[in-house]
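To start, the structure itself, in structure tokens.
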There are 2 protein chains.
Amino acid sequence: MIGLMTPVDFSEMECSVARTLETIGDRWTILILRDAFYGVRRFEDFRGDLGVASNILTDRLQKLVDREILEKRQYEERPPRYEYRLTEKGQELLPVILTMMKWGDRWANSGSTPPVTLTHTTCGHVTEPVVTCSQCGEELRRRDLRAHPITVRGGNPSGELARAETS
Amino acid sequence: MIGLMTPVDFSEMECSVARTLETIGDRWTILILRDAFYGVRRFEDFRGDLGVASNILTDRLQKLVDREILEKRQYEERPPRYEYRLTEKGQELLPVILTMMKWGDRWANSGSTPPVTLTHTTCGHVTEPVVTCSQCGEELRRRDLRAHPITVRGGNPSGELARAETS
DNA sequence: CACAATCAGTTGCATTTTGCAACTGACCGC
DNA sequence: GCGGTCAGTTGCAAAATGCAACTGATTGTG
């Protein structure tokens, strides 16, 4: 088996971010998922697009299958050919990918236009993902959020999330 | 210096997700950011809360400072004490953390209630982050998104993002 | 003043993970 | 029967990570 116990077990942390990282907290894994969202399904296509070593790809795909993010299915018997498709659990990682994409467009793109634009077909416009409140629909800003319960050494007991430097 | 060239240079990939990962694509880094959003600012508090080795923490904080996600400032002269605070660039990673948190709540939480709930003070309700279209405000669903331009081997030329298994 | 404690690290070494390149093996088309 | 594709496996080297111990400035306590 491949998945040895990680030296630090993030899954034991009482935090969903840590547990998410336990599942996808790896550069190649996230890039595999990005490709999967773009429609890539086959081993050789992942390998060719990402330039990842095939042993690493084997390992990551296997872990993603174990964690039910991807489903491996044989779509051809002779010769045996497989494809890896997103499960529902995997599909729901799309917001994570979208928010990373948006951040990278703004902050890690050396001033050029975004390499990939998204069109929202239901309204017909080029769109950007905005993270909003499920209750009122307003954009979620850190200063309007309180986290409960959270007991972090040095953390803010008011639940207020940290604000940016205004030096 | 600590930050050696990574063997695979994600930043050269023509993809904002890859470039975002170049900056924060590391388990500890993301957990440091989570703590930073909760208001943690000092070395020993990060170390104590995360249980991370101090050499690793030194390395990650330094990289985050180099990349202008965190700002290091001395807040006390004698004894010298420092704090690490999110810059605006760092603040804008909040959506990534929020979407990870939401996914973890749903898919990696072994059926219990979320360990941390968020309250949206402007509307007064417990909220969940929803990723919506900047143009029409509707929730972004993969089947309503088209990506352009994208040239990935094996990718879907229609731009349609992958759909889940419906086996 | 001596002594323990806090904060912010550094150093050295062992373990683990990762990358790379080469190889396997089933099949297919010509 | 030869080259090409697909989906990997294997072995070895390089890099990242974890761990524990140590440094050094300072501060609070008796």
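In this structure, CG on Leu21(B) lies 10.0 Å from CH2 on Trp28(A), to the nearest 0.5 angstrom. Note: Thr132(A) OG1 to His120(B) NE2 = 9.5 Å, rounded to the nearest 0.5 Å.
To the nearest angstrom, C1' of dT11(C) lies 13 Å from CD1 of Ile56(B). Look at OH on Tyr75(A): it is 8 Å from P on dC6(D), rounded to the nearest Å. Between the CD atom of Gln62(A) and the C1' atom of dT18(C) there is a distance of 18 Å, rounded to whole Å. In this structure, the CZ atom of Phe46(A) is 14 Å from the P atom of dC6(D), given to the nearest Å. Going from atom CG of Leu57(B) over to atom C1' of dG18(D) covers 13 Å, rounded to whole Å. dA5(C) atom P lies 14 Å from atom CD of Glu44(B), rounded to whole Å. Regarding Asp45(A), its CG atom lies at a distance of 11 Å from the C1' atom of dT5(D), rounded to whole Å. To the nearest angstrom, P of dA7(D) lies 13 Å from CZ of Arg41(A).
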At a cut-off of 3.5 Å, list every protein nitrogen or oxygen paired with a nitrogen or oxygen from nucleotides 26-30 of chain D, distance to 0.1 Å.
| unit_1 | atom_1 | unit_2 | atom_2 | d |
| --- | --- | --- | --- | --- |
| dT26(D) | OP1 | Arg78(B) | NH1 | 3.4 |
| dT26(D) | O3' | Pro79(B) | N | 3.4 |
| dT27(D) | OP1 | Arg78(B) | O | 3.2 |

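Taking only side-chain nitrogens and oxygens, Arg60(B) comes nearer than 4.0 Å to OP1 or OP2 of dT17(D). Taking only side-chain nitrogens and oxygens, Lys72(A) comes nearer than 4.0 Å to OP1 or OP2 of dG8(D). Taking side-chain N and O atoms only, Trp28(B) has no distance below 4.0 Å to OP1 or OP2 of dA16(D). The side chain of Tyr84(A) places an N or O atom within less than 4.0 Å of a non-bridging phosphate oxygen (OP1 or OP2) of dG8(D). Between Arg42(B) and dC7(C) there is a side-chain N or O to OP1 or OP2 distance below 4.0 Å. Phosphate proximity of dA25(D) to Tyr82(B): absent, as no side-chain N or O sits under 4.0 Å from OP1 or OP2.
Atom CZ of Arg141(A) is surrounded by 12 or fewer heavy atoms from other residues, nucleotides or ligands within 6.0 Å. Applying the 6.0 Å contact sphere to CD of Glu139(A) captures more than 12 heavy atoms from other residues, nucleotides or ligands.
Within 3.5 Å, no donor on the side chain of Thr58(A) pairs with an acceptor on the base of dT9(D), nor the reverse.
Val126(B) and Leu140(A) end up in different hydrophobic clusters when Ile, Leu, Val, Met, Phe, Trp and Tyr side chains are linked at under 4.5 Å.
A donor-acceptor pair is defined here as one N or O able to donate and one able to accept, closer than 3.5 Å; no such pair exists between the side chain of Thr29(A) and the backbone of Gly25(A).
Side-chain N/O atoms of Asp144(A) and Thr122(B) include no donor and acceptor closer than 3.5 Å.
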